[in-house]
Amino acid sequence: MSQDTTHSTPAPAAAGQAAMPGADGPAFNLIRPQPYADWAPQVDAATAAGLRQQLEQGAVLYFPNLHFRFEPGEERFLDSRWSDGKSKNINLRASDHAVRGAQGGEQDLKDLYRLIRRYAESSEKLVLSLFPEYGPHLVRAGTSLRPSEIAGRPVSWRKDDTRLHVDAFPSNPLLGQRLLRVFHNIDPQAPRVWRVGEPFGDFARRFVPQTKGMWPGQARLMELLHITKRRRSEYDHRMLQLHDLAKADLAYQANVPQQEFQFPPGATWMVFSDQVLHAAMRGRAMMEQTYYLSPKAIGDHTHSPEAVLSRMLGRPMLAS
Ligand SMILES: [Fe+2]
C-alpha cells in the first residue's frame, strides 16, 4: 500500500456540468437523470428493471425534481453550529431515537431527530418503490445531515473525500454487503459538486495488482483487539487498499477518465458508493441515507466489486 502522506490538493476538475477533464480517456457520462418528483413514484416494471440495471452497472441515478421539503423552522439546521465539532456529520442510526454528533437544546435535538428520521423514511420509500425486490435484502444503516462546507476542510489524505474513491471502512467490515446511498442537496443556493470516475472494473485492473491479502491470523487479531467490529474478510481488506491507493495517487486523481457534475439545490441522487468512484468537491449542506444490501439482491453481478475482485484474483472473495 502506498504511504504517500502528502496533504496537497488534487488537480482541480474542469468546471461545468458533465465536463471531461481526463487527459486522454474517452468521454463518458454516468449521470442518469430521472423525471420523478415523488418519493414513492409509480414506475412500471420494465422501467424499474432498466433503472436497476443501470444502478447495478455503476450509474448515478439522478432525480433533479425530487425535493425534500423542510417543515417550518427546520431551515435553522442549515448551519454548522449544530455540529458538536467532533463528528463531521450529525447522524442517526436506524435503531436510535436520538441523533449523534449534534449540540443544541432539548427541543432542537428533538427537531433534528424528526428531520433526519423523515429523510430516512422518504429515501426508503424511494428505494422500495423503484426496487421492491431489494426490500427483503435491504438494511437501513445511518442517516446523516452534513451541514458544513466540504471544500477547504483540513483532513488527512486518507479521509479526504475530495479525492476519488470507493467507500470502504477500516473498522466496519461489510463482508460483501453492498453500500447503497441516497444523497440530497439540501442547501437552497449552492450546488453539490461531485467528480465521478472510471468504471470499477477499469479502476480494479489498475490497482488490484498492488493490493495484498491478509497474513494468517490477521483478521482474528484485529477483531480481538477491537480494531474491527467483526472479522474482516479478504474482500474488505482488498477494498480498503483500493480506497487508499486511489486517494494516495495524485497522478491518478488528475488523469483518470472522470466527469464533474453539479447537483443543484433540491436534487436527489442514488449510487452504489462501494462501486462508483466518487469525490465530493464542494457543497454546503446535504442529507444522506446509507443502506446495506445483501449481494443476493443484485441482479447483474458483472460489475459488482465482489465479482470483479473474485474474477481478478481467481477465487471467491467472500469465502470464509
Ligand atoms: Fe465516499
Side-chain angles (χ1 to χ4, degrees), residues 9-10 13 30-31 55-56 58-62 87-91 101 119 123 127 140-174 176-187 191-200 202-204 207 235-250 252-253 256 258-263 267-293 303-306 308-309:
T9 307
L30 294 176
I31 312 294
L55 183 71
E56 292 180 357
V60 179
L61 299 186
Y62 165 47
S87 322
K88 71 176 179 180
N89 307 324
I90 297 169
N91 63 83
Y119 182 72
S123 65
V127 172
R140 187 194 294 182
T143 318
S144 62
L145 168 66
R146 307 182 188 191
S148 306
E149 171 61 51
I150 306 165
R153 187 184 281 163
V155 289
S156 68
W157 65 269
R158 193 175 267 126
K159 290 185 174 173
D160 182 359
D161 288 340
T162 68
R163 302 183 186 207
L164 286 162
H165 64 282
V166 291
D167 288 342
F169 309 123
S171 63
N172 186 20
L174 295 178
Q177 295 282 307
R178 303 300 310 280
L179 272 175
L180 180 62
R181 290 186 141 163
V182 181
F183 298 90
H184 184 79
N185 182 5
I186 203 164
D187 189 284
R192 189 99 183 159
V193 183
W194 267 31
R195 289 188 292 148
V196 180
E198 66 182 353
F200 185 86
D202 296 338
F203 164 61
F207 286 114
Y235 171 73
D236 291 290
H237 193 64
R238 301 264 183 188
M239 288 293 285
L240 199 55
Q241 290 172 79
L242 291 178
H243 168 280
D244 289 356
L245 285 163
K247 281 190 173 176
D249 189 335
L250 294 180
Y252 178 76
Q253 293 288 328
V256 64
Q258 61 190 274
Q259 68 183 116
E260 184 181 274
F261 194 81
Q262 301 194 9
F263 295 98
T268 303
W269 61 104
M270 182 191 301
V271 68
F272 277 115
S273 66
D274 54 356
Q275 177 174 351
V276 175
L277 270 169
H278 61 282
M281 307 307 293
R282 294 193 301 283
R284 290 196 306 220
M286 77 151 188
M287 301 197 75
E288 178 270 331
Q289 174 65 52
T290 299
Y291 297 97
Y292 301 141
L293 183 68
H303 305 277
S304 72
E306 183 272 336
V308 170
L309 295 192

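One-based numbering, in listed order, for ligands and for the atoms of each. In this chain, residues are counted from 1 in sequence order.
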- request: Measure from the Fe ion (ligand 1) to every N/O/S atom of Asp167 and report the name of the nearest one.
  value: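 Closest to the Fe ion (ligand 1) among those atoms: OD1.
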
query: Does a side chain donor of either Tyr252 or Glu198 reach within less than 3.5 Å of an acceptor in the other side chain?
result: yes

message: With rounding to 10 degrees, what does the angle His278:NE2 / the Fe ion (ligand 1) / His165:NE2 come to?
response: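 For NE2 of His278 and NE2 of His165, the angle centred on the Fe ion (ligand 1) reads 90°.
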
message: Taking N, O or S atoms only and a limit of 2.8 Å, check whether Asp161 reaches the Fe ion (ligand 1).
response: no

query: Do the charged groups of Arg181 and Glu288 touch, with an N to O distance under 4.0 Å?
result: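 Result for this pair is yes, salt bridge flagged.
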
- request: Give a yes or no on whether a salt bridge exists between Asp244 and Lys247, defined as a side-chain N under 4.0 angstrom from a carboxylate O.
  value: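 Between Lys247 and Asp244 there is no salt bridge, as every charged N stays at least 4.0 Å from the carboxylate O atoms.
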
query: Does Gln258 use its side chain to pair, donor to acceptor, with the backbone of Gln253 at less than 3.5 Å?
result: yes

